[in-house]
Amino acid sequence: MYIEQLYTGCLAQAAYYIESEGEAAIIDPLREIEPYLRLAQQRGATIKYVFETHFHADFVSSHLDLHKATGAQVVYGPCEMCELSIYQARDGERFTLGAVTLEVLHTPGHTLESSCFLLRTHDGTPHAVFTGDTLFNGDVGRPDLAVKAGHITSEMLADMLYDSLYAKLMTLPDETIVYPGHGAGSACGKHMSSETVTTLGAQKRTNYALQPMTRDQFIAAVLEGQTAPPKYFFHAAQVNKRGYAPIEEVLATNTRPLPVADFKAAQATGALVLDARTPDQFAQGHVPGAINIGLDGQYAVWVGTLLDANQQLLVVTDPGKETEAVLRLARVGYENVAGVLAGGMPAWQAAGEAVATVACVEPRELATVAAAPTTHILDVRNANELANGTLAGALHIPLAELEGQLQR
């Protein structure tokens, strides 16, 4: 038996490759399929199953592309009907993979269809559980993403999650390895650890949500301090339900190099310029009207938080970074890219086009600038970042809420 976690730091997302006797399964694969195909080929294995713990909201899965490329069966737990031809497994149903089995544990709460997959060894002993967004290291999944007006509330989902955890997952042996779907930095939970592998026993001792408490206490604890999800979450979930274009087609169309004149014309018709270079590069010179979300860090998450998925984009990157910028957008369901600036900013400047700049203030200069009566300081950090200190007189509006506040 072989297990490998494939972790993508910019999304704080974990996919898994499980193999036994030449048969492999992928759990919660990210948008591009090449890493999974390459791993199976290197190990001489055949991908038999693609297991999905739920319809993901924070990224677009490659379950459809993997099915087309390998013929692997796509398996979800019990779920509401969607537009895809998938296999909906029963709670407790087992799937054979070489000498081991994967058992479906329906664990609603994060979403209605959320399921975990329990890996049993050849003799049926529980070895590991792949918990998706139901249980993390240090936290549990947020119970507000499947809320529907007049149908279900966050409190109802948290109530389901209580049963999923206390009556199902916590009955497994303490030594059961827990492989969660996310680590620290994901918006799918509040208190996730940067360690992305744990055990059930460790979580029983340290996870705030697994301590002895009543149902009402649990519901209050998991709902307390829950921030609004990034706005792209609902778009990505729908993409996962209804399907998408093959990733190679998306990359081919969205990385189309546009000469300066064509790039400028597309901007004039309403496309938004997304500059994916570093903040320093952007400050020194950028296309007027562009916004800067750098590839370093949580690029796709911030694009999905701040921009509308239907907004047509034009991308500016350093040469050689075009495919990365477009791929990372596709991972969160943003595929409406008209093209990238051919030659980057050097080509724009060489064509004699106008260049905008941003003035930057060094920390040692800030006190002097802030003392001016015409200066207003806007702090756009998240609430949890304010613990690191604040500037006197600053107005605090989290960046994700800024546009809505400006429109009032």
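Computed from heavy atoms alone, side chains included, the values below leave out hydrogens, waters and symmetry copies.
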Mind listing the closest non-hydrogen atom pair of Ala57 and Ala236 along with its distance? O-CB, 3.1 Å
OH of Tyr299 to CD of Glu324, rounded to nearest 0.5 Å, is 8.5 Å
For residues Tyr232 and His235, establish whether the separation of their ring centroids is below 6.0 Å. no
Neighbour count >12 (heavy atoms, 6.0 Å) for atom CD, Gln5: yes
Is there a donor-acceptor pair under 3.5 Å between the side chain of Glu23 and the backbone N or O of Ser20? no
I'd like to know whether Thr134 forms a side chain to side chain contact (heavy atoms under 4.5 Å, CB included) with Thr53, so could you lay out the CA-CA distance, the side-chain angles of the two residues, the decisive distance to 0.1 Å, and finally the verdict. CA-CA 9 Å; Thr134 297; Thr53 56; over 6 Å; no
Is there a side-chain contact between Glu93 and Tyr87, using heavy atoms and a 4.5 Å cut-off? yes
Within the structure provided, determine whether Arg277 and Val316 are in side-chain contact (heavy-atom separation under 4.5 Å). yes
Neighbour count above 12 (heavy atom, 6.0 Å) for Glu224 CD: no
Given the rule in the salt bridge (Lys or Arg N to Asp or Glu O under 4.0 Å) test, do Asp133 and Arg142 qualify, once you have shown the distances and angles that lead to the verdict? CA-CA 8 Å; Asp133 289 17; Arg142 59 187 302 159; over 6 Å; no
To the nearest 0.5 Å, atom CD1 of Ile27 lies from atom OH of Tyr16 at 8.5 Å
Any donor-acceptor N/O pair, Thr125 side chain to Thr121 backbone, under 3.5 Å: no
In terms of heavy-atom contacts, does CD of Gln41 have more than 12 from other residues, nucleotides or ligands at under 6.0 Å? no
Side-chain donor/acceptor of Glu401 to backbone N/O of Pro398, under 3.5 Å: no
Between His67 and Ala72, is there a donor-acceptor pair closer than 3.5 Å when you use the side chain of the first and the backbone of the second? yes
First locate atom CG of Leu327, then atom NZ of Lys321, and finally report the distance between them rounded to the nearest 0.5 Å. 12.5 Å
With rounding to the nearest 0.5 angstrom, report the CE to CG distance, Met160 to Leu157. 5.5 Å
Determine whether a donor-acceptor pair (N or O, by modelled atom type, separation under 3.5 Å) exists between the side chain of Tyr7 and the backbone of Gly183. yes
Residue pair Val222 / Val140: nearest heavy atoms and the distance that separates them: CG1-CG2, 3.7 Å
Closest non-hydrogen atom pair between Pro259 and Ala342, with its separation: N-CB, 4.2 Å
Side-chain (Ser186) to main-chain (Cys188) donor-acceptor, under 3.5 angstrom: yes
Just do the side chain to side chain contact (heavy atoms under 4.5 Å, CB included) check on Val337 and Leu274 with the steps written out, would you? CA-CA 10 Å; Val337 179; Leu274 172 63; over 6 Å; no
Between the main-chain N or O of Ala394 and the side-chain N or O of Asp379, is there a donor-acceptor pair closer than 3.5 Å? no
Looking only at side-chain N and O atoms, does Asn336 offer a donor or acceptor that is under 3.5 Å from a partner on Gln311? no
Under the salt bridge (Lys or Arg N to Asp or Glu O under 4.0 Å) rule, what do Arg31 and Glu335 come out as? Steps first, then yes or no, please. CA-CA 12 Å; Arg31 185 72 174 88; Glu335 301 177 359; 3.3 Å; yes
Can you see whether Gln281 engages Thr278 through a side-chain donor-acceptor pair at a distance of less than 3.5 angstrom? yes
Side chains of Leu210 and Met170: does their closest heavy-atom pair fall under 4.5 Å? yes
Can you tell me if Thr390 uses its side chain to pair, donor with acceptor, with the backbone of Leu386 under 3.5 Å? no
Ignoring hydrogens and angles, state whether a donor on the side chain of Gln203 or Thr198 is under 3.5 Å from an acceptor on the partner side chain. yes
Check the pair Ile86, Cys79 against side chain to side chain contact (heavy atoms under 4.5 Å, CB included), reporting the backbone distance first and the verdict last. CA-CA 10 Å; Ile86 59 174; Cys79 59; 4.2 Å; yes
Side chains of Glu52 and Ser61: is there a donor and an acceptor less than 3.5 Å apart? yes
Looking at the rings of Phe51 and Phe95, which for Trp means the six-membered one, are their centres under 6.0 Å apart? yes
Shortest non-hydrogen separation from Val60 to Val332 and the atoms involved: CG2-C, 3.9 Å
Test Lys168 against Asp163 for salt bridge (Lys or Arg N to Asp or Glu O under 4.0 Å), laying out the working first. CA-CA 7 Å; Lys168 190 164 285 187; Asp163 287 330; over 6 Å; no
What heavy-atom pair brings Phe233 and Ala187 nearest, and what distance separates the two atoms? CZ-CB, 3.9 Å
How far apart are the closest heavy atoms of Pro180 and Leu135, and which atoms are they? CB-O, 3.5 Å
Starting at NE2 of His127, measure out to CG of Leu102 and round the result to the nearest 0.5 Å. 11.0 Å
Show the numbers, then the answer: is there a side chain to side chain contact (heavy atoms under 4.5 Å, CB included) between Val287 and Asp275? CA-CA 8 Å; Val287 175; Asp275 192 320; over 6 Å; no
Mind checking whether Phe130 and Phe117 have ring centres under 6.0 Å apart? no
So Phe263 and Val340, do their side chains get closer than 4.5 Å, heavy atoms only? no
Less than 4.5 Å apart, any side-chain heavy atom of Val75 and any of Val50? no
Is a side-chain donor-acceptor pair under 3.5 Å present for Asp28 with His56? yes
Check for me whether the distance between the ring centres of Tyr76 and Phe55 falls short of 6.0 Å. yes
Once you round to the nearest 0.5 Å, how far does CG of Leu30 lie from CD1 of Ile247? 9.5 Å
Is there side-chain contact between Gln312 and Leu272, with at least one heavy-atom pair below 4.5 Å? no
Distance-only donor-acceptor check, side chains Glu34 and Tyr36, under 3.5 Å: no
Could you please spell out the steps behind the salt bridge (Lys or Arg N to Asp or Glu O under 4.0 Å) verdict for Lys231 and Asp308? CA-CA 8 Å; Lys231 62 183 178 182; Asp308 191 291; 5.6 Å; no
If we only count heavy atoms from C-beta on, is the Ser114 to Pro108 side-chain gap below 4.5 Å? no
If only side-chain N and O atoms count, and only distance matters, is there a donor-acceptor pair under 3.5 Å linking Glu113 with Thr111? yes
For Asp65 and Tyr244, test the side chains for any donor-to-acceptor distance below 3.5 angstrom and give the result as yes or no. no
Which residue, His182, Arg331, Gln13, forms the side-chain hydrogen bond (donor to acceptor under 3.5 Å, both in side chains) with Asp58? His182
Atom CZ of Arg38 with >12 non-hydrogen neighbours under 6.0 angstrom: yes
